[in-house]
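Just so it is clear, the values below take in all heavy atoms, side chains as well, and ignore hydrogens, waters and symmetry mates. Counting convention: from 1, in listed order, for ligands and their atoms alike.
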Amino acid sequence: MKKILITGGAGYIGSTLCTELVKLGHIVTVLDIMKYNTDSLSHLYFFDNFNLIRGDARNRKIMKKLISKNEFIIPLAGLVGAPLCEKYKKDAITTNYFAVKLIKSLIKKKNKIIYMTSNSGYGVGEKNKYCDENSPLKPISLYGRTKCDAEEEIKKLKNSVSFRLATVFGCSYRMRSDLLVNNFVYRAVTKKKLDIFEPKFRRNFIHVKDVVKGIIFSIDNFNKIKSNVYNLGLSSANITKLMLAKKIKKQHSITKIKIIKNKKDPDKRDYFVSNKKIEKKGFKAKISLEKGIKELLLYFKNSSEKIVNNY
Ligand SMILES: NC(=O)c1ccc[n+]([C@@H]2O[C@H](COP(=O)([O-])OP(=O)(O)OC[C@H]3O[C@@H](n4cnc5c(N)ncnc54)[C@H](O)[C@@H]3O)[C@@H](O)[C@H]2O)c1
């Protein structure tokens with residue numbers, strides 16, 4: 001049983017992560033400003049091994065106290081996504097980068113950090129080549145830059161693991177419909193059509209439950225995998241936007257796919273990613289896109305939840 005601090009734990013990844021960690025009996029503390037959803041963790045309030053503090057991960061006094069009381073620190077607090085960071089530049093830098101530097105300045109020997117960054121740092125990958133952890137990072141947005149800068153800081157710590165995440169999909173207790181797979185399914189259900197720019201742009205994906213399993217694997221095998229950076233994605237889900245749209249149409253046949261020519265996607269990410277390094281250590285993401293699409297179709301067809309998106 002571990003003592004675990006999760007900043008931003010009320011978010012999309014955090015709310016599913018906390019649920020699993022609490023179930024496993026870990027002692028979980030969340031620090032979150034609850035920017036989007038004030039109910040994403042309410043199902044955990046009952047449990048004695050769960051605690052929620054509504055507060056800011058940039059606050060030195062709060063962080064000092066919480067870090068001293070916990071062994072594992074999982075910093076998820078952030079302004080997530082390129083459009084949001086463009087809109088609130090200062091908050092993006094202070095939350096995504098300075099708050100991570102703050103953790104670095106406060107940790108003690110006993111602390112272990114598990115950091116989630118984005119594989120968007122790979123920017124535009126080379127044709128027919130998979131990006132691995134040694135591929136150059138050339139972020140193309142402020143979001144990508146803040147995440148790469150924070151990863152650089154974390155990398156200097158021996159007791160750290162960083163995961164470069166693929167684009168996450170699936171249902172969580174705080175829902176997002178701005179992530180690519182979630183968004184395509186949302187549009188297929190509500191508009192019955194998918195207008196796609198730059199259909200051949202490539203991306204890698206991973207289900208939110210697989211992200212959580214990867215984090216739990218890293219807690220259980222920390223000494224085996226520490227002092228390293230790993231890509232974390234579903235290896236069979238290295239596909240183009242058009243291939244993704246076709247998978248959705250297969251399960252939701254009324255979807256009309258329309259390719260919009262001569263219009264650029266502001267999101268320029270285009271790469272395939274190799275996840276072999278973490279797979280060799282013993283963790284492999286397994287939940288298929290098909291399964292996630294089925295789940296998301298049911299969600300968007302039936303939910304009356306009002307989603308507050310990041311952008
Ligand atoms: N979802 C993805 O596809 C993805 C991919 C790669 C990396 N990540 C990383 O994973 C982490 C979590 O992402 P997510 O999808 O759960 O995002 P999210 O937006 O759902 O969650 C972020 C959480 O941080 C909280 N927060 C924001 N500013 C804060 C502050 N100053 N102090 C405390 N809490 C604050 C918000 O209230 C929110 O609950 C982020 O660091 C993100 O960069 C996510």
Salt bridge flag under 4.0 Å for residues K193 and D195: yes

Of the protein's non-hydrogen atoms, which lies at the shortest distance from atom 13 (O) of ligand 1, and what is that distance? V80 CG2, 3.8 Å

In terms of atom number and element, which parts of ligand 1 are under 4.0 angstrom from non-hydrogen atoms of R58? 31 (N)

Please determine if T167 has a nitrogen or oxygen closer than 3.5 Å to a nitrogen or oxygen of ligand 1. no

Considering only heavy atoms, which of K147, R54, M175 lies nearest to atom 41 (O) of ligand 1? K147

Can you tell me if N159 and K110 form a side-chain donor-acceptor pair at under 3.5 Å? no

Around atom 11 (C) of ligand 1, find the nearest protein heavy atom and jot down its residue, atom name and distance. L76 O, 3.4 Å

Check: S15 side chain, R174 main-chain N or O, donor-acceptor pair, under 3.5 Å: yes

Among all protein heavy atoms, pick the one closest to atom 20 (O) of ligand 1 and tell me residue, atom and distance. Y12 N, 2.8 Å

Counting from 1 in the order shown, the ligand 1 atoms closer than 4.0 Å to a non-hydrogen atom of G8 are 23 (C), 24 (O), 25 (C)

Of L31, D32, I6, the residue with the heavy atom nearest atom 36 (C) of ligand 1 is D32

For Y12 against N182, the heavy-atom pair lying closest together: OH-ND2, 3.4 Å

With only distance considered, is T117 within less than 3.5 Å of ligand 1 through an N or O on each side? no

Is the side chain of K250 donor-acceptor paired with the backbone N or O of E290 at a distance under 3.5 Å, no angle test? no

Do Y230 and K276 meet the criterion of a side-chain donor-acceptor pair at a distance under 3.5 Å? no

Using a strict 4.0 Å cut-off to heavy atoms of K35, name the atoms of ligand 1 that fall inside it. 36 (C), 37 (O)

Does any N or O atom in S118 lie less than 3.5 angstrom from one in ligand 1, N or O only? no

After noting the C-alpha distance and the side-chain angles of K23 and E20, does the key distance pass the salt bridge (charged side-chain N to carboxylate O under 4.0 Å, His left out) rule? CA-CA 5 Å; K23 262 195 230 164; E20 293 307 311; 3.2 Å; yes

I need the atoms of ligand 1 closer than 4.0 Å to a non-hydrogen atom of A10, numbered in the order shown. 39 (O)

Relative to the heavy atoms of G55, which atoms of ligand 1 are at a distance of less than 4.0 Å? 32 (N), 33 (C)

Of all the non-hydrogen atoms in the protein, which one sits nearest to atom 27 (C) of ligand 1, and at what distance? G78 O, 3.5 Å

Protein contact to atom 15 (O) of ligand 1 [nearest heavy atom, distance to 0.1 Å]: R176 NH1, 2.7 Å

Kindly indicate whether a cation-pi arrangement holds for R202 with F272, taking the cut-offs as under 6.0 Å to the six-membered ring centre and within 45° of the axis. yes

Report the part of A166 in contact with ligand 1, treating N, CA, C, O as backbone and CB onward as side chain, heavy atoms under 4.0 Å; options are side chain, backbone, both, neither. backbone

Taking heavy atoms and a distance under 4.0 Å, where does T95 meet ligand 1: side chain, backbone, both or neither? side chain

Shortest heavy-atom approach to atom 26 (N) of ligand 1 - which of I33, L165, V168: I33

Quick one: does T94's side chain have a donor or acceptor within less than 3.5 Å of a partner on D91's backbone? yes

Contact check: P75 vs ligand 1, nitrogen or oxygen atoms, below 3.5 angstrom: no

Residues K241, E198: salt bridge by 4.0 Å N-O rule: no

E153/K104 ion pair, N-O < 4.0 Å: yes

Please identify which atoms of ligand 1 are closer than 4.0 Å to at least one heavy atom of Y143. 7 (C), 8 (N), 42 (C), 43 (O)

Does NZ or CZ of K2 fall inside the cone over F72's six-membered ring, less than 6.0 Å from its centre and within 45° of the axis? no

Answer yes or no: does an N/O atom from A57 fall short of 3.5 Å to an N/O atom of ligand 1? yes

Is it true that E133 and R164 make a salt bridge, defined as a side-chain N closer than 4.0 Å to a carboxylate O? no

Considering only non-hydrogen protein atoms, determine which one is nearest to atom 31 (N) of ligand 1 and report residue, atom name and distance to 0.1 Å. D56 OD1, 2.9 Å

Closest protein heavy atom (residue, atom, distance) for atom 21 (O) of ligand 1: G11 CA, 3.4 Å

How does M34 reach ligand 1, by side chain, by backbone, by both or by neither, if only non-hydrogen atoms under 4.0 Å count? backbone

G78 backbone acceptor or donor facing N96 side chain under 3.5 Å: no

Find all atoms of ligand 1 within a distance of less than 4.0 Å from any non-hydrogen atom belonging to R174, and give their numbers and elements. 18 (P), 19 (O), 20 (O)

Side-chain donor-acceptor pair under 3.5 Å between E86 and S141, yes or no? no

Which residue supplies the protein heavy atom nearest to atom 10 (O) of ligand 1, what is that atom called, and how far is it? I13 CD1, 3.6 Å

